[in-house]
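All remarks here apply to the structure that follows.
The first residue in the sequence is number 1, and the count goes up from there. Computed from heavy atoms alone, side chains included, the values below leave out hydrogens, waters and symmetry copies.
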Amino acid sequence: MVLSNLFDFNTPTDRKGTWCTQWDYVQDRFGIANLVPFTISDMDFKIAPCIEEALHRRITHGVLGYSRWQNEEYLDAIKYWYSSQFNAKIDTNMIVYGPSVIYMVAKLINLWSQQNDSIVVHTPAYDAFYKTIIGNKRKIESCPLIKRDNSWYCDMNYLETLLAKKEVKILLLCNPHNPTGKVWSKQELEIIAALCEKYHVNVISDEIHMDMVWKGSHNPWCEYGKNSWAVLSSASKSFNIPALTGAYGLIQCEKTRENYLNQIKACDGVSSPAVLSLVATIAAYKEGQIWLHELKNYLYNNLDFVAKQLNHAFPQLDYAIPDSTYLAWIDLRKLNIDDIKLQENLIHEQGVAIMPGYTYGPEGNQFLRLNIGCPRSKVETGVNAIINAIKALQ
């Protein structure tokens with residue numbers, strides 16, 4: 001086992017009794033309480049010391065009144081992160097704030113389309129995408145990703161046929177992609193940008209997994225977008241602070257920015273940010289690089305462990321570490337395992353909750369999504385459960 005040299009990611013932290021979605025409310029989705037969960041994509045690790053110290057200083061100040069996100073420290077922290085991590089220059093005038101990425105997706109869907117318009121999504125897709133699109137009375141145009149030689153590809157010709165439809169107004173891009181872990185290449189993004197410009201399709205790029213790339217590098221859409229676009233992200237995924245709420249976006253069109261800010265303030269009453277989210281984001285982006293580097297080493301070794309264990313037990317799987325995210329997207333199609341029976345065994349016999357692939361659309365059938373953002377001992381529990389469940393069904 002490879003341990004962090006500077007930080008302890010190996011000692012479990014008991015999250016039960018903390019109103020934790022993943023641990024305390026696992027019964028909501030899986031029907032049984034007290035399962036060991038590998039579900040919602042937050043991590044079981046404590047926050048970086050620099051964030052804890054910054055939050056402590058703010059709490060010690062003692063006043064938690066209304067605040068503004070349009071302050072120099074917050075905007076500069078985001079600008080610094082894009083420059084230091086992705087070598088990307090951003091205009092801080094484009095930055096907007098929101099309580100979450102998916103909330104911001106919903107707002108932009110309403111600004112850029114009408115009811116019954118269509119939105120293109122690469123599938124399998126993050127389940128909240130389906131819910132948000134359908135909940136806002138829009139239609140989904142599915143562009144299935146194709147797996148070849150343990151990599152995922154987009155059929156650009158098929159994508160063009162979708163974007164060319166007059167009812168298609170938005171491409172909702174997941175960059176990097178959840179759940180497959182696909183990292184979009186520069187060439188792919190250039191092609192997509194040209195197609196969206198050609199057919200006047202606006203782009204919303206959800207880049208919340210941007211810091212968790214194992215192969216290649218993350219390419220922010222702001223470097224490629226040509227027509228109206230928005231890049232949405234947050235420090236919440238990388239630094240495990242989603243409970244603080246808070247996200248940000250880059251919106252290219254000034255009119256859209258104005259309309260968006262008017263919507264959240266005048267219509268939704270979201271005028272003051274969660275100040276502790278601002279504090280945590282600034283600390284993360286200005287002081288958290290070493291912690292994140294060590295975390296990524298630990299996560300990668302977890303993914304490597306999963307691959308070795310699964311391939312030892314079932315060589316025909318030829319499972320490979322995803323290109324990004326701490327979500328192992330496990331293709332079981334070669335084993336021809338029944339999804340429902342597998343879930344029944346995992347839940348009732350193995351005592352674990354692991355997301356079935358069909359949660360992310362029909363293209364996810366016979367896949368599992370295993371969250372490895374946790375100490376190695378828990379990862380071992382999850383992998384052993386998968387192996388035992390599969391063997392029980394063979």
Side-chain angles (χ1 to χ4, degrees), residues 69-70 74-113 119-122 125-126 128-129 132 154 169-178 182-186 188-197 201-213 216-239 242 246-261 263-264 273 277 281 284-285 324-325:
W69 60 268
Q70 287 172 308
Y74 182 66
L75 299 178
D76 282 352
I78 296 171
K79 182 178 180 179
Y80 171 76
W81 194 251
Y82 274 77
S83 175
S84 64
Q85 301 301 303
F86 314 120
N87 196 31
K89 295 181 180 180
I90 64 171
D91 181 355
T92 56
N93 290 317
M94 290 186 180
I95 296 176
V96 298
Y97 176 86
S100 71
V101 165
I102 204 66
Y103 168 91
M104 299 173 81
V105 168
K107 291 294 104 180
L108 288 166
I109 284 175
N110 279 286
L111 287 173
W112 280 344
S113 64
I119 297 171
V120 174
V121 177
H122 292 97
Y126 173 41
F129 282 3
T132 302
C154 173
K169 306 300 181 185
I170 297 170
L171 168 64
L172 180 49
L173 184 67
C174 198
N175 176 29
H177 186 263
N178 174 15
K182 174 179 174 57
V183 172
W184 295 92
S185 69
K186 293 180 179 180
E188 287 175 317
L189 294 178
E190 287 170 351
I191 293 171
I192 293 172
L195 290 175
C196 289
E197 181 183 37
V201 173
N202 294 338
V203 177
I204 304 171
S205 185
D206 175 353
E207 306 194 1
I208 200 168
H209 291 280
M210 64 189 185
D211 298 314
M212 297 293 175
V213 172
S217 59
H218 173 64
N219 299 296
W221 180 258
C222 57
E223 298 282 279
Y224 301 90
K226 296 180 181 297
N227 57 327
S228 292
W229 53 262
V231 170
L232 309 179
S233 196
S234 172
S236 64
K237 197 69 64 179
S238 307
F239 290 91
Y248 60 84
L250 304 172
I251 298 179
Q252 176 262 349
C253 174
E254 183 178 0
K255 182 178 180 181
T256 301
R257 285 199 302 275
E258 292 174 354
N259 289 338
Y260 167 82
L261 292 173
Q263 280 286 315
I264 67 170
S277 174
T281 298
Y285 283 179
S324 68
T325 81

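Ring pair W81/F239 is perpendicular by interplanar angle, where above 60° counts as perpendicular and below 30° as parallel.
In this structure, NZ on K186 lies 6.0 Å from OG on S217, to the nearest 0.5 angstrom. The distance from atom CD1 of I264 to atom CE of M104, rounded to the nearest 0.5 Å, is 7.0 Å. With rounding to the nearest 0.5 angstrom, the CG atom of N93 is 9.5 Å from the CD atom of Q70. Between the CE atom in M212 and the NE2 atom in H218 there is a gap of 13.0 Å [rounded to 0.5 Å]. Atom-to-atom distance recorded for L108:CG and N202:CG is 9.0 Å, nearest 0.5 angstrom. Distance CG/L171 to CD1/I119: 10.0 Å, rounded to 0.5 Å.
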Go through it in stages, so that I can follow the logic: the residues are K226 and C196, the test is side chain to side chain contact (heavy atoms under 4.5 Å, CB included), and I'd like the CA-CA distance, side-chain angles, deciding distance and then a yes or no.
CA-CA 8 Å; K226 296 180 181 297; C196 289; over 6 Å; no

Is there a side chain to side chain contact (heavy atoms under 4.5 Å, CB included) between V201 and V120? Walk through the geometry before answering.
CA-CA 10 Å; V201 173; V120 174; over 6 Å; no

Full working for side chain to side chain contact (heavy atoms under 4.5 Å, CB included) between Y248 and V96:
CA-CA 6 Å; Y248 60 84; V96 298; over 6 Å; no

Might you work through the side chain to side chain contact (heavy atoms under 4.5 Å, CB included) test for I170 and I204, ending with a clear yes or no?
CA-CA 7 Å; I170 297 170; I204 304 171; 3.9 Å; yes

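More than 12 heavy-atom neighbours from other residues, nucleotides or ligands sit within 6.0 angstrom of CG on D91.
By the 4.5 Å heavy-atom criterion applied to side chains, T132 and Y103 are not counted as neighbours. Proximity of Y82 to V231: side-chain heavy atoms (C-beta onward) are separated by under 4.5 Å at one or more points. A heavy-atom distance below 4.5 Å is found between the side chains of F86 and D211. You'll find the side chain of I95 reaches within 4.5 Å of the side chain of I90, heavy atoms only. Considering only heavy atoms from C-beta on, W184 stays 4.5 Å or farther from W221 through its side chain. S205 places none of its side-chain heavy atoms less than 4.5 Å from the side chain of W229. Between E207 and L232 there is no side-chain heavy-atom pair separated by less than 4.5 Å. Side-chain contact check for S277 versus W69: every heavy-atom pair is 4.5 Å or farther apart.
The heavy-atom pair separating C174 from F129 by the smallest distance is CB-CE2, 3.9 Å. The shortest non-hydrogen separation linking S324 to P176 is OG-CB, 3.1 Å. The two residues S228 and C253 come nearest to each other via the heavy atoms OG-CB, 4.0 Å.
Between the side chains of N227 and E197, no donor N or O sits under 3.5 Å from an acceptor N or O.
E223 pairs by the salt bridge (Lys or Arg N to Asp or Glu O under 4.0 Å) definition with nothing, not counting sequence neighbours. Looking at residues two or more places apart in sequence or on another chain, you find a salt bridge (Lys or Arg N to Asp or Glu O under 4.0 Å) between K182 and E188.
Evaluation of the side-chain hydrogen bond (donor to acceptor under 3.5 Å, both in side chains) test over residues 250-261, restricted to residues two or more places apart or in two chains, returns W112-T256.
Between the D206 side chain and the I208 main chain, a donor and an acceptor come within less than 3.5 Å of each other. In terms of modelled atom types and a separation under 3.5 Å, the side chain of S84 and the main chain of Y80 share a donor-acceptor contact. In terms of modelled atom types and a separation under 3.5 Å, the side chain of S83 and the main chain of A88 share no donor-acceptor contact. Proximity of a side-chain donor or acceptor of N175 to a complementary backbone N or O of N219 within less than 3.5 Å is detected. Judged by distance alone, the side chain of N110 and the main-chain N or O of A106 form a donor-acceptor pair under 3.5 Å.
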